[in-house]
Amino acid sequence: MAGVDVGFPRPDCARAAVVVLRYPDLTLCEQVVIEQQVDFPYRTGLLAYRELPAVLAAVARLSTQPNLFLCDGQGTAHPRRFGIACHLGVLLDCAAIGVGKTRLSGRYQQLGEQRGARAPLMVADEQVGYALRSRQGCNPLYVSAGHRISQESAAEWVMRCCRQFKLPETTRCAHRLASG
DNA sequence: GCGACAG
DNA sequence: ATCTTGTCGC
């Protein structure tokens, strides 16, 4: 499984990181970090147009072929049901999950405090994902399907990737390379 | 018209 | 996302 993230060392420079971790031990198998100029500005709902080009360039340099991608940002929990995880999944023709740290679309009812507790993310009568408590004492993660995966499986895979922390190990590893 | 608004 | 110190809680 793979994790992708993008950092901006300079306002016009995107640093994309892709990591491939082996399941179930979640040990690092491969990593790629690239930098390239960005032209598209950040716009709520259009994140893919700003971050995906760099991510795709990094993925292209991978020697391993991941069977699942965890992205920073939404999948179907998006105003047009097509967040960055959907874009990535379609373009790479691979399963993808959207993992947002904050909410974009959808409302949900209060969920349990225990790790693993979850509540459907709803837009009118349509479920667009899940608010998922990956760690006790933390705000929930907003998980939604990106491509070739169900919402239920997406939530399960995210939990499998979360160990000691709120964020999936894939995301933490990629974020460390792209930013901190 | 007002508020919300991934990274 | 990025700029930044101390602080509260498990």
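We name chains A, B, ... by the order of the sequence lines, and we start the count at 1 in each one. All values derive from a computational prediction rather than experimental measurement.
Judged purely by atom type and a 3.5 angstrom limit, A/Gln74 uses its side chain to pair as donor or acceptor with the backbone of A/Thr102. A/Arg103 contributes no side-chain N or O that, together with a main-chain N or O of A/Tyr142, makes up a donor-acceptor pair within less than 3.5 Å. At distances below 3.5 Å, at least one donor-acceptor pair connects side-chain atoms of A/Arg50 with backbone N or O atoms of A/Phe40. With A/Arg22 contributing its side chain and A/Asp25 its backbone, the two residues share no donor-acceptor pair below 3.5 Å. Not a single donor-acceptor pair under 3.5 Å links the side chain of A/Arg43 to the backbone N or O of A/Tyr49.
Looking at every heavy atom in both residues, A/Ser179 comes nearest to A/Gly7 through OG-CA, 3.8 Å. Taking all atoms of both residues into account, the shortest heavy-atom contact from A/Ser63 to A/Glu30 is N-OE2, 2.8 Å.
For DNA chain B, the residues of residues 102-117 of chain A within the heavy-atom distance limit of 4.0 Å (strictly under) are A/Thr102, A/Arg103, A/Leu104, sorted by number.
Residue-level contact check: A/Leu52 touches neither bases nor backbone, having no heavy atom under 4.0 Å from any strand. Contact annotation for A/Gly83: base contact, defined as any heavy-atom pair under 4.0 Å involving a base atom. Using a 4.0 Å heavy-atom criterion, one finds that A/Tyr42 contacts the bases of the nucleic acid, with or without backbone contacts as well. At the heavy-atom level, A/Gly45 lies under 4.0 Å from base atoms of the strands shown.
Taking a heavy-atom distance under 4.0 Å as the criterion, the stretch of DNA chain B touched by chain A extends 5' to 3' from B/dA4 to B/dG7. Put simply, chain A comes within 4.0 Å of DNA chain C, heavy atom to any atom, from C/dA1 to C/dT2, going 5' to 3'.
A salt bridge is defined here as a Lys NZ or Arg NE, NH1 or NH2 lying under 4.0 Å from an Asp or Glu carboxylate O, and A/Asp5 with A/Arg176 fails to meet this definition.
The distance from the CD atom of A/Gln127 to the OG atom of A/Ser144 is 10.5 Å, given to the nearest 0.5 Å.
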Using atom types as modelled, flag every donor-acceptor pair under 3.5 Å from a side chain in residues 114-123 of chain A to any protein atom, sequence neighbours excluded.
unit_1: A/Arg115; atom_1: NH1; unit_2: A/Ser134; atom_2: O; d: 3.1
unit_1: A/Arg115; atom_1: NH1; unit_2: A/Cys162; atom_2: O; d: 3.3
unit_1: A/Arg115; atom_1: NH2; unit_2: A/Met159; atom_2: O; d: 3.4
unit_1: A/Arg115; atom_1: NH2; unit_2: A/Cys162; atom_2: O; d: 3.3

Nucleotide-level pairing of DNA chain B, given in dot-bracket where Watson-Crick and G-U pairs need both distances under 3.5 Å and | marks other strands
.......
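A/Val33 and A/Leu70 fall within the same hydrophobic cluster, defined by Ile, Leu, Val, Met, Phe, Trp and Tyr side-chain heavy atoms under 4.5 Å apart, directly or through other members.
A side chain to side chain donor-acceptor pair (under 3.5 Å) check over residues 152-162 of chain A, counting only residues at least two apart or in different chains, returns the pairs A/Tyr130-A/Glu152, A/Ser150-A/Ser153.
Remark: aromatic rings of A/Phe69 and A/His147 are distant, center separation not under 6.0 Å.
Residue order along DNA chain C, read from the 5' end via each residue's closest nucleotide, puts A/Phe8 first among A/Phe8 and A/Arg135.
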